[in-house]
Amino acid sequence: AQSRLKKAKLLLVGLSSISCELIKNLVLCGINTLTLADDRSVQNDDIDLGFLYEKTSLGQKRNVSAIKRAQALNGMVQILCEDNIDIGFLSEQYKDFSELIISLDFHGGILGEWTSYSEKFRSL
């Protein structure tokens, strides 16, 4: 199981408040690669609810801001950023990743789109 973790490449889409805990746990486990895909900026709520953000992060990209503290947890994990959260782009760009974690605020038909996209990971 540990060797699979060390080879795992995960794509985390959306950096909600719960994502900070997910990132912490994944990085401490020692996965190979974690890509943080998010297109939003740090707001006051993010700083209040997520330990990965500092007050100086206000207005900066959430994925970029989270890397510094996340990387400090385990320097052996490769943590990358992705600003484009378009489903078509992600499905092509990250098709070789082993897992997908979706942590978005769902509204309208977006849930169905992401559910369809996540089906590819069930067959691996």
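Excluded from the calculations below are hydrogen atoms, water molecules and symmetry mates; all remaining heavy atoms, backbone and side chain alike, are included.
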**Message:** Please report the interatomic distance CD(E82) to OH(Y94), rounded to the nearest 0.5 Å.
**Reply:** 3.5 Å
**Asked** Do side-chain atoms of R40 reach the backbone of R62 as a donor and acceptor pair under 3.5 angstrom?
**Response** no
**Request:** Mind listing the closest non-hydrogen atom pair of L12 and L22 along with its distance?
**Result:** CD1-CD1, 4.4 Å
**Message:** Show the nearest heavy-atom pair for residues A37 and L11, with the distance to one decimal.
**Reply:** CB-CD1, 3.9 Å
**Fill in**
To the nearest 0.5 Å, atom CG of L100 lies from atom OG of S91 at 10.5 Å
**Prompt:** Counting distance only, does the side-chain N/O of D38 pair as donor-acceptor with the main-chain N or O of K61 below 3.5 Å?
**Reply:** no
**Request:** Spell out, yes or no, whether V13 and L36 are grouped together once hydrophobic residues are joined by side-chain heavy atoms under 4.5 Å, including indirect joins.
**Result:** no
**Request:** Rounded to the nearest 0.5 Å, what's the gap from CD on E21 to CG on L26? Could you check?
**Result:** 11.0 Å
**Prompt:** If only atom types and distance count, is the side chain of S57 paired as donor or acceptor with the main-chain N or O of A66 below 3.5 Å?
**Reply:** no
**Asked** Cluster question for you: counting only ILVMFWY and a side-chain heavy-atom cut-off of under 4.5 Å, with indirect links fine, are L49 and Y53 together?
**Response** no
**Item:** Single-linkage hydrophobic cluster L10~I102, side-chain heavy atoms < 4.5 angstrom
**Value:** no
**Request:** Measure across I67 and C81 and return the closest heavy-atom pair with its distance rounded to 0.1 Å.
**Result:** CD1-SG, 3.0 Å
**Prompt:** So, does N32 use its side chain to make a donor-acceptor pair with the main chain of K9 at under 3.5 Å?
**Reply:** no
**Test log, rule side-chain contact (heavy atoms from CB on, under 4.5 Å), inputs R69 and E54** = CA-CA 9 Å; R69 286 189 171 175; E54 304 176 69; 3.1 Å; yes
**Request:** Taking all non-hydrogen atoms of both residues into account, name the closest pair between S41 and D46 and its distance.
**Result:** O-OD2, 3.6 Å
**Prompt:** Roughly how far, to the nearest 0.5 Å, is the CG atom of L52 from the CD1 atom of I23?
**Reply:** 5.5 Å
**Request:** Search all heavy atoms of L28 against all heavy atoms of L73 and return the closest pair with its distance.
**Result:** CD2-O, 3.8 Å
**Complete:** Tightest non-hydrogen contact, residues F51 and C20, listed as CE2-O, 3.6 Å
**Message:** Check for me, please, whether L80 and L90 land in the same ILVMFWY cluster - side-chain distances under 4.5 Å, paths through other members count.
**Reply:** no
**Item:** Interatomic spacing from CG in N84 to CG in D39 - rounded to 0.5 Å
**Value:** 8.5 Å
**Message:** Is it the case that atom CG in L58 sees more than 12 heavy atoms from other parts of the structure closer than 6.0 Å?
**Reply:** yes
**Item:** Nearest-0.5 Å distance, CZ of residue F97 to CG of residue L34
**Value:** 8.5 Å
